[in-house]
Number of protein chains: 2
Amino acid sequence: MEGRASTVDVTVDCVVFGIDEAHLKVLFIERGLEPFAGAWALPGGFVRPGEGLEQAARRELSEEAGVTELFLEQLFTFGDPGRDPRGQIISVAHYALVRLSDHRVRAATDARQAAWFPVHEHPPLAFDHEEIVEVAYRRLQGKVRYQPIGFELLPRKFTLSQLQRLYEIVLERSLDKRNFRKKILAMGLLVELDEVERGVAHRAARLYRFDERRYRRLLQRGFNFEI
Amino acid sequence: MEGRASTVDVTVDCVVFGIDEAHLKVLFIERGLEPFAGAWALPGGFVRPGEGLEQAARRELSEEAGVTELFLEQLFTFGDPGRDPRGQIISVAHYALVRLSDHRVRAATDARQAAWFPVHEHPPLAFDHEEIVEVAYRRLQGKVRYQPIGFELLPRKFTLSQLQRLYEIVLERSLDKRNFRKKILAMGLLVELDEVERGVAHRAARLYRFDERRYRRLLQRGFNFEI
DNA sequence: TCGAGTGAGTGTACAGAGTACACTGTGCGC
DNA sequence: GCGCACAGTGTACTCTGTACACTCACTCGA
């Protein structure tokens with residue numbers, strides 16, 4: 001009937017997304033230990049006693065890649081028997097979004113390397129991490145369209161072109177410039193700043209920031225974000 | 001660094017939804033054992049050695065409530081420390097949809113009672129199951145609008161009014177009859193049967209069934225279901 | 001300083017989808 | 001045969017999505 005079954009262990013793994021001018025990238029760690037020593041894998045590790053799942057994910061990210069204070073959400077729990085050669089180990093996978101510009105990823109303290117790879121061009125991965133990345137990417141593509149999480153990937157001040165490029169890269173299709181601007185500005189969630197971008201070899205574009213406060217107020221009145 | 005931490009146990013819990021003429025209902029089990037003996041709780045239990053998560057969820061549903069062959073999907077994993085007085089136990093929650101008409105829920109073999117309660121009027125629940133039901137209900141409300149999962153709650157042959165009532169109950173708002181029919185029929189996913197409902201004291205309504213095959217074909221061509 | 005290059009910024013016309021709305025028809029039961 | 005209850009049906013308007021091209025501002029190099 002109902003007995004304790006302590007043969008299952010619990011890990012968290014994180015799919016951390018970042019974006020540069022041309023690519024959506026994911027953060028991987030080179031494993032130092034068996035199994036899969038030397039292979040690339042998602043940052044993650046075992047949940048510790050007394051620790052919550054999100055807490056464990058944030059700790060692992062901080063320890064292994066030096067990234068803190070980022071958008072992070074639970075993704076899915078992978079528990080197929082056989083997914084880990086060490087035994088029955090389930091992974092509560094999370095996905096996270098960081099501003100590549102802010103977060104210089106440092107090498108992990110224990111000399112394991114951390115590196116960014118384009119989501120479609122990464123080395124073979126340990127465990128079922130390939131599948132986890134797939135699921136995370138589909139979730140991101142779905143969620144970015146009806147929740148304003150894309151801003152988590154951009155610098156706090158950004159141009160409309162950067163924002164458009166973000167959506168084009170994540171959704172993998174091109175968008176019409178005028179329609180995109182019309183729609184995003186009509187939502188009233190962007191604040192036009194008294195500042196323009198710098199260091200570009202052409203007319204400098206206006207900078208904007210996302211109005212978080214306003215978004216939360218609109219949410220309560222039943223507002224629906226949608227790109 | 002990376003050591004085994006076998007202090008965490010893993011359970012699965014299921015939020016099973018069913019619908020009758022007027023209410024969306026959830027299936028609960030009266031607990032026979034401590035903790036929370038005598039309280040109502042979601043059907044669920046510990047994952048067994050060698051068992052996958054969905055597999056464990058289906059087994060528990062079959063054992064505790066006699067329901068089999070139903071729509072079932074992973075929902076979220078709850079792992080706050082302290083959510084279970086027995087120690088660190090995470091719950092991989094699932095949600096499921098059944099046709100109340102088909103599934104007579106039998107009492108569980110071990111004499112614990114199983115019963116349906118309206119989603120908004122159930123007794124106090126054990127553990128954090130209140131929160132799990134909340135999350136499941138929000139997921140259902142979101143998902144029912146852009147995936148044809150509502151049909152899992154209806155008999156295989158149904159009238160358009162039944163279908164409309166389903167959406168009205170789940171979404172908690174009324175829909176316009178003509179617009180609803182126009183939209184749902186325009187999708188071309190319903191097959192009109194040569195049959196009408198029986199035993200009603202008024203003109204009998206036409207019966208339809210959902211065309212699963214057709215839906216899958218349309219999906220591949222980029223079709224988007226939406227109510 | 002002037003010309004070339006690069007991306008910023010802007011409006012309109014059309015098509016399609018969503019929405020609001022009310023009456024007649026049919027079958028049953030009394 | 002009459003009343004009740006729900007089945008079934010179409011149109012007009014509004015709003016949203018989409019397609020589409022040129023001028024302007026700024027920098028850099030010759």
Side-chain angles (χ1 to χ4, degrees), chain A residues 19-22 144-146 148 154-155 157-169 171-209 218 221-227, chain B residues 19-22 144-146 148 154-155 157-169 171-209 218 221-227:
Chain A
I19 205 160
D20 66 14
E21 299 307 309
V144 85
R145 283 180 45 210
Y146 61 92
L154 288 181
K157 300 173 180 182
F158 51 84
T159 68
L160 293 181
S161 292
Q162 283 179 300
L163 186 60
Q164 182 180 342
R165 218 147 30 228
L166 166 93
Y167 281 101
E168 290 179 332
I169 290 171
L171 299 176
E172 294 183 305
R173 63 193 172 90
S174 59
L175 301 171
D176 180 84
K177 182 158 77 163
R178 279 175 291 193
N179 294 338
F180 179 81
R181 284 166 186 242
K182 201 192 315 172
K183 187 159 187 180
I184 201 91
L185 290 175
M187 285 193 266
L189 292 173
L190 298 188
V191 180
E192 185 174 340
L193 302 174
D194 279 334
E195 227 175 316
V196 293
E197 67 180 336
R198 300 177 136 271
V200 289
H202 54 80
R203 175 178 175 183
R206 173 72 43 164
L207 289 171
Y208 292 80
R209 68 171 178 82
L218 285 174
R221 297 186 210 159
F223 172 80
N224 274 325
F225 181 87
E226 195 184 334
I227 291 292
Chain B
I19 204 159
D20 66 13
E21 299 306 310
V144 84
R145 285 180 43 212
Y146 61 90
L154 288 182
K157 299 172 180 181
F158 51 83
T159 68
L160 293 181
S161 294
Q162 284 179 300
L163 186 59
Q164 184 180 340
R165 217 145 35 228
L166 166 94
Y167 281 102
E168 290 179 331
I169 290 171
L171 300 176
E172 293 183 304
R173 64 193 173 90
S174 59
L175 301 170
D176 180 84
K177 182 157 78 161
R178 280 175 291 193
N179 293 340
F180 179 81
R181 283 165 187 244
K182 201 193 313 172
K183 188 157 185 181
I184 201 89
L185 290 175
M187 285 193 267
L189 292 173
L190 298 188
V191 180
E192 186 176 338
L193 302 175
D194 280 335
E195 225 175 317
V196 293
E197 66 180 336
R198 300 178 136 270
V200 289
H202 54 79
R203 174 176 176 187
R206 174 72 43 167
L207 290 171
Y208 293 80
R209 68 170 179 82
L218 285 174
R221 297 186 208 158
F223 171 80
N224 274 325
F225 181 88
E226 195 183 336
I227 291 292

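Reminder, nothing fancy here: chain letters follow the sequence lines and each chain counts from 1. In this text, all values refer to a predicted model and were calculated from it rather than measured experimentally.
I184(B) has its CD1 atom 12 Å from the P atom of dG18(C), to the nearest Å. Rounded to whole Å, the distance from CD on Q162(B) to P on dG8(D) is 12 Å. Atom pair K177(B):NZ and dG10(D):C1' shows a separation of 14 Å (rounding to whole Å applied). Rounding to whole angstrom units, CZ of residue R181(B) and P of dC23(C) are separated by 18 Å. Following rounding to the nearest Å, Q164(A) (CD) and dG7(C) (C1') show an atom-to-atom distance of 12 Å. Straight-line distance from the CZ atom of F180(B) to the P atom of dA7(D): 12 Å, rounded to whole Å.
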So which protein N/O to nucleotides 16-20 of chain D N/O distances come out below 3.5 Å?
| unit_1 | atom_1 | unit_2 | atom_2 | d |
| --- | --- | --- | --- | --- |
| dG17(D) | OP1 | K183(A) | NZ | 3.3 |
| dT18(D) | O4 | K182(A) | NZ | 2.9 |
| dA19(D) | N7 | N179(A) | ND2 | 3.0 |
| dA19(D) | N6 | N179(A) | OD1 | 3.1 |
| dC20(D) | N3 | R178(A) | NH2 | 3.2 |
| dC20(D) | N4 | D176(A) | OD2 | 3.2 |

Taking only distance into account, with no hydrogens and no angle test, what donor-acceptor pairs under 3.5 Å do side-chain atoms of residues 190-207 of chain A form with protein atoms, sequence neighbours excluded?
| unit_1 | atom_1 | unit_2 | atom_2 | d |
| --- | --- | --- | --- | --- |
| E195(A) | OE1 | K157(A) | NZ | 2.9 |
| E195(A) | OE2 | K157(A) | NZ | 3.3 |
| E197(A) | OE2 | A205(A) | N | 3.1 |
| R206(A) | NH1 | L193(A) | O | 3.0 |

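Enclosure of atom CZ in R145(A) is not indicated, since only 12 or fewer non-hydrogen atoms of other residues, nucleotides or ligands lie within 6.0 angstrom.
Residues F180(A) and L160(A) come closest through the heavy atom pair CE2-O, 3.9 Å. Of all heavy-atom pairs between F223(A) and F225(A), the closest is CE2-N, 3.5 Å.
Inter-residue side-chain proximity for L171(B) and V144(B) is flagged as met; some heavy-atom pair is nearer than 4.5 Å. L166(A) places none of its side-chain heavy atoms less than 4.5 Å from the side chain of F158(A).
Within a heavy-atom distance below 4.0 Å of DNA chain D, the residues of residues 185-206 of chain A found are V200(A), A201(A), H202(A), R203(A).
Across all strands shown, T159(B) has no heavy atoms under 4.0 Å from either base or sugar-phosphate atoms.
Proximity of S161(B) to the phosphate of dA7(D): a side-chain N or O atom is located under 4.0 Å from OP1 or OP2.
The ring-ring contact (aromatic ring centres under 6.0 Å, His included) search around Y208(B) returns none, not counting sequence neighbours. Taking the side-chain contact (heavy atoms from CB on, under 4.5 Å) definition, one finds that E226(B) meets it with nothing, sequence neighbours left out. Listed by chain and residue number, D176(B), K182(B) satisfy the side-chain contact (heavy atoms from CB on, under 4.5 Å) test with N179(B) (two or more places apart in sequence, or in another chain).
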